[in-house]
Trainee: 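Can you keep this structure in mind? I'll have questions shortly.
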Amino acid sequence: MNQAVATPPRVDSLTALLLPLADRTLLLPNVAVAEIIPYRGVQTSPDLPPWLLGQLGWRDLRLPLLSFEAASGGRAQLGATPRVAVFNALGGRPRVKFLALLLQGIPQSLKVDAQLARIDAELAPLELAAVQVGEGVARIPDLQALEQKLADAGLI
C-alpha cells in the first residue's frame, strides 16, 4: 500500500497591514487585526496613564484603547481622521482577548515576503524592527510587550 504524505503548501508571502500613526507607520500581519472601526464613544478617566486613552465599546466588550506613540515615549495625538484597530491579544490572559490601538487614517493592505528588508534605524520602546516598505519605513510593533504594559499597570 503506497500512501503519500500530504505536505502543506509553502507560503511565500503574507498579507500585511500598514497602520498609520501620528509619527510612524506600523506593519502587522492582517491576521493580527480583528477589525478596523471608527473612533467613537471612548470612556475616559483622569487617573489613566497618558498612553491609555480610555475604554472603547466593541461587540459587547470594553476594550482598552491605547496610543502606541505615547506608550513608546511620545505623546498621544488625535488627528483629523482617527480610526481604531482592534487586534487580537497575544498574552493568553483568559479575560483579555482583544486590545484597541488608535490610528490616524485608513490602513493599507499589502503583500510582503521574505525579501522584506530590515533597515538600521533607531527603535523606540515597543518596536521590534524597522523595515523598508516601498519608499517608506514601517515599524514592527511588539504587541506582547504592549499588552504586558497594561498588565504591569494593573489595567488588565
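Values reported hereafter were calculated over all heavy atoms of this structure, with side chains retained and with hydrogens, waters and symmetry mates removed.
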Trainee: Group every Ile, Leu, Val, Met, Phe, Trp and Tyr by side-chain heavy-atom contacts under 4.5 Å, then state whether I36 and L146 land in the same group.
Mentor: yes

Trainee: Measuring only between side-chain heavy atoms, which start at C-beta, is D152 closer than 4.5 Å to Q148?
Mentor: yes

Trainee: Could you state whether L61 and V84 fall into the same hydrophobic cluster, counting links through intermediate Ile, Leu, Val, Met, Phe, Trp or Tyr residues with side-chain heavy atoms under 4.5 angstrom apart?
Mentor: yes

Trainee: Work out which heavy atom in P50 is nearest to a heavy atom in A70; give both atom names and the distance.
Mentor: O-CB, 3.9 Å

Trainee: Can V31 be reached from F98 by stepping across I, L, V, M, F, W or Y side chains whose heavy atoms are under 4.5 Å apart?
Mentor: no

Trainee: Do other residues, nucleotides or ligands put more than 12 heavy atoms under 6.0 Å from the CZ atom of R40?
Mentor: yes

Trainee: Hey, what do you get for CG (L102) to CG (L66), rounding to the nearest 0.5 Å?
Mentor: 9.5 Å

Trainee: Is any side-chain heavy atom of L21 closer than 4.5 Å to a side-chain heavy atom of L103?
Mentor: yes

Trainee: Calculate, to the nearest 0.5 Å, the distance between atoms CG and CD1 belonging to L17 and I106 respectively.
Mentor: 12.5 Å

Trainee: Are I156 and L53 grouped together when hydrophobic residues (ILVMFWY) are joined by side-chain heavy atoms under 4.5 angstrom apart?
Mentor: no

Trainee: With hydrophobic residues grouped by side-chain heavy-atom distances under 4.5 Å, do L90 and L99 end up in a single group?
Mentor: yes

Trainee: Roughly how far, to the nearest 0.5 Å, is the CG atom of L52 from the CG atom of L150?
Mentor: 6.0 Å

Trainee: Tell me, do L78 and Y39 make a side-chain contact under 4.5 Å, heavy atoms counted?
Mentor: yes

Trainee: Would you name the heavy atoms of A130 and V137 that are closest together and state the gap between them?
Mentor: CB-CG1, 4.1 Å

Trainee: Quick one: are T15 and S109 in side-chain contact, heavy atoms under 4.5 Å?
Mentor: yes

Trainee: Report the residue from E69, E127, Q104 that forms a side-chain hydrogen bond (donor to acceptor under 3.5 Å, both in side chains) with R24.
Mentor: E127

Trainee: Do other residues, nucleotides or ligands put more than 12 heavy atoms under 6.0 Å from R62 CZ?
Mentor: yes

Trainee: Say you draw a straight line from CD1 of I140 to CG of L126; how long is it, rounded to the nearest 0.5 Å?
Mentor: 14.0 Å

Trainee: So which atom in L56 and which in A100 form the shortest heavy-atom distance, rounded to 0.1 Å?
Mentor: CD2-CB, 4.1 Å

Trainee: Could you report the tightest heavy-atom contact between P141 and L128, atom names first, then the distance?
Mentor: O-CD1, 3.7 Å

Trainee: Taking the side chain as every heavy atom from C-beta outward, state whether Q55 and P64 have any pair of such atoms under 4.5 Å apart.
Mentor: yes

Trainee: Hey, mind stepping through F68 and L19 against side-chain contact (heavy atoms from CB on, under 4.5 Å) and telling me if it holds?
Mentor: CA-CA 11 Å; F68 190 86; L19 305 175; over 6 Å; no

Trainee: Specify the closest pair of heavy atoms between L27 and A138, including all atoms of both residues, with the distance to one decimal.
Mentor: CB-CB, 3.9 Å

Trainee: Give the intermediate values and the outcome of side-chain contact (heavy atoms from CB on, under 4.5 Å) for residues L116 and V133.
Mentor: CA-CA 7 Å; L116 190 63; V133 178; 4.2 Å; yes

Trainee: Grab the two heavy atoms, one from L123 and one from R139, that are nearest each other, plus how far apart they are.
Mentor: CD2-NH1, 3.7 Å

Trainee: Would you check if L101 and L26 make a side-chain contact, meaning some heavy-atom pair closer than 4.5 Å?
Mentor: yes

Trainee: What distance separates N88 CG from K97 NZ, expressed to the nearest 0.5 Å?
Mentor: 10.5 Å

Trainee: Do other residues, nucleotides or ligands put more than 12 heavy atoms under 6.0 Å from the CG atom of D60?
Mentor: no

Trainee: Side chains of L28 and P107, heavy atoms from C-beta outward: is any pair under 4.5 Å?
Mentor: no

